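Starting from 1, each residue takes its place in the sequence as its number. Treat the numbers as computed from the prediction; the structure is a model and nothing was measured.
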Amino acid sequence: MTVRQVVVGDDGRAKAYRPLPEGDRVAALAAGLEAYDAGDFFEAHELMEPAWMGTADLSERNLIQGLIKVAAADVHGVRGNPAGVRRNLEGARDRLRSGASGTITGIDLDVAPLLAAIDARLTGATDLDAPIAIGWRRR
């Protein structure tokens with residue numbers, strides 16, 4: 001019999017969880033953030049997913065999922081889909097706020113400026129299609 005590990009979110013629902021060793025999670029997330037910085041938003045989204053699904057820490061999951069949604073927003077921006085940009089930025093903002101009190105293993109992330117940049121895009125203070133600079137560094 002296979003025992004399945006489950007992570008339960010704040011909403012009480014089971015979430016996708018595929019345990020990934022810490023070093024592999026950090027490497028996946030760093031690779032995703034580097035792809036994002038290089039403008040490859042789709043690849044960034046794909047590279048960060050294993051890190052998100054690989055941790056059981058809910059704050060860390062929220063922060064990583066927020067980053068994934070920022071990348072997804074920029075995929076929609078490249079495709080000329082403002083509704084997709086907006087929907088993903090709103091989701092990113094919610095996830096980043098939910099995880100803001102936590103940390104990401106092996107990565108320092110500037111959440112406050114990221115949230116401010118998301119808000120600026122959503123309110124029209126900056127171009128909705130302009131990619132957001134994510135302030136991060138590897139520890």
Side-chain angles (χ1 to χ4, degrees):
M1 177 168 91
T2 302
V3 176
R4 193 170 147 202
Q5 294 179 306
V6 175
V7 172
V8 177
D10 296 334
D11 60 2
R13 294 179 17 211
K15 305 298 179 187
Y17 178 50
R18 296 183 189 107
L20 194 63
E22 181 178 298
D24 293 342
R25 285 196 324 270
V26 173
L29 185 56
L33 289 166
E34 288 167 356
Y36 183 89
D37 289 346
D40 194 346
F41 309 123
F42 183 82
E43 183 70 8
H45 172 280
E46 294 296 309
L47 289 169
M48 288 189 273
E49 274 198 347
W52 163 60
M53 290 189 288
T55 182
D57 181 275
L58 292 180
S59 292
E60 184 173 13
R61 287 176 67 90
N62 279 327
L63 289 169
I64 297 170
Q65 190 174 24
L67 294 171
I68 290 169
K69 287 184 172 291
V70 168
D74 289 320
V75 169
H76 286 283
V78 169
R79 294 177 179 168
N81 178 6
V85 172
R86 183 168 297 285
R87 185 176 56 252
N88 279 283
L89 286 178
E90 289 168 350
R93 182 179 57 194
D94 293 345
R95 289 292 170 204
L96 290 166
R97 283 181 180 160
S98 293
S101 64
T103 61
I104 299 176
T105 302
I107 301 288
D108 288 326
L109 176 68
D110 274 336
V111 177
L114 182 53
L115 286 169
I118 290 169
D119 285 339
R121 282 178 74 185
L122 288 171
T123 61
T126 60
D127 182 15
L128 189 62
D129 295 338
I132 293 172
I134 297 174
W136 72 280
R137 69 179 177 84
R138 201 170 182 161
R139 280 189 219 139

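- Note on I134 and V111: same hydrophobic cluster, where clusters join Ile, Leu, Val, Met, Phe, Trp and Tyr whose side-chain heavy atoms are under 4.5 Å apart, directly or indirectly.
- Shown here for A44 and Y36, the closest heavy-atom pair between the two residues is CB-N, 3.6 Å.
- Taking CZ from F41 and CD from E46, the interatomic distance works out to 15.0 Å, rounded to the nearest 0.5 Å.
- With rounding to the nearest 0.5 Å, the separation of NE2 in H76 from CG in L128 is 11.5 Å.
- Scanning all heavy atoms of the two residues, the minimum distance from M48 to A71 falls at CE-CB, 4.2 Å.
- Across all their heavy atoms, H45 and A72 have their closest contact at CD2-CB, 4.1 Å.
- Partner of L29 under the side-chain contact (heavy atoms from CB on, under 4.5 Å) criterion, chosen from I68, L67, D24: L67.
- When all heavy atoms are compared, the tightest approach of R138 to A30 is NH1-CB, 3.8 Å.
- In this structure the side chain of D110 never reaches within 4.5 angstrom of the side chain of L114, judged on heavy atoms.
- Interatomic distance, CD of E90 versus NZ of K69, reported as 10.5 Å (0.5 Å rounding).
- Two different hydrophobic clusters hold L47 and V78 under the rule that ILVMFWY side chains link at heavy-atom gaps under 4.5 Å.
- Heavy-atom minimum distance, S98 versus N62: CB-ND2, 3.5 Å.
- A heavy-atom distance below 4.5 Å is not found between the side chains of M53 and L20.
- Residues D74 and N88 fail the side-chain proximity criterion, which asks for heavy atoms closer than 4.5 Å.
- Taking the side chain as every heavy atom from C-beta outward, I132 and T126 never approach each other to under 4.5 Å.
- R18 places no side-chain N or O within 3.5 Å of a backbone atom of P50 that could act as its donor or acceptor partner.
- A donor-acceptor pair is defined here as one N or O able to donate and one able to accept, closer than 3.5 Å; no such pair exists between the side chain of R95 and the backbone of L63.
- In this structure, I64 CD1 and I107 CD1 are separated by 8.5 Å, a value rounded to the nearest 0.5 Å.
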> Can you list the steps and then say if I104 with W136 is a side chain to side chain contact (heavy atoms under 4.5 Å, CB included)?
Replying inline: CA-CA 11 Å; I104 299 176; W136 72 280; over 6 Å; no
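- D129 CG to N81 CG: the interatomic distance, rounded to the nearest 0.5 Å, is 9.5 Å.
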> Run the salt bridge (Lys or Arg N to Asp or Glu O under 4.0 Å) check on R97 and D119 step by step: do they pass?
Replying inline: CA-CA 12 Å; R97 283 181 180 160; D119 285 339; 3.7 Å; yes
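- Using a distance-only test at 3.5 Å, with no hydrogens or angles considered, no donor-acceptor pair links the side chain of R139 to the main chain of T105.
- Side chains of L33 and L109 form no contact here, defined as non-hydrogen atoms less than 4.5 Å apart.
- R86 places a side-chain N or O within 3.5 Å of a backbone atom of L122 that can act as its donor or acceptor partner.
- Listed here is the closest heavy atom pair of G106 and V26: CA-CG2, 3.9 Å.
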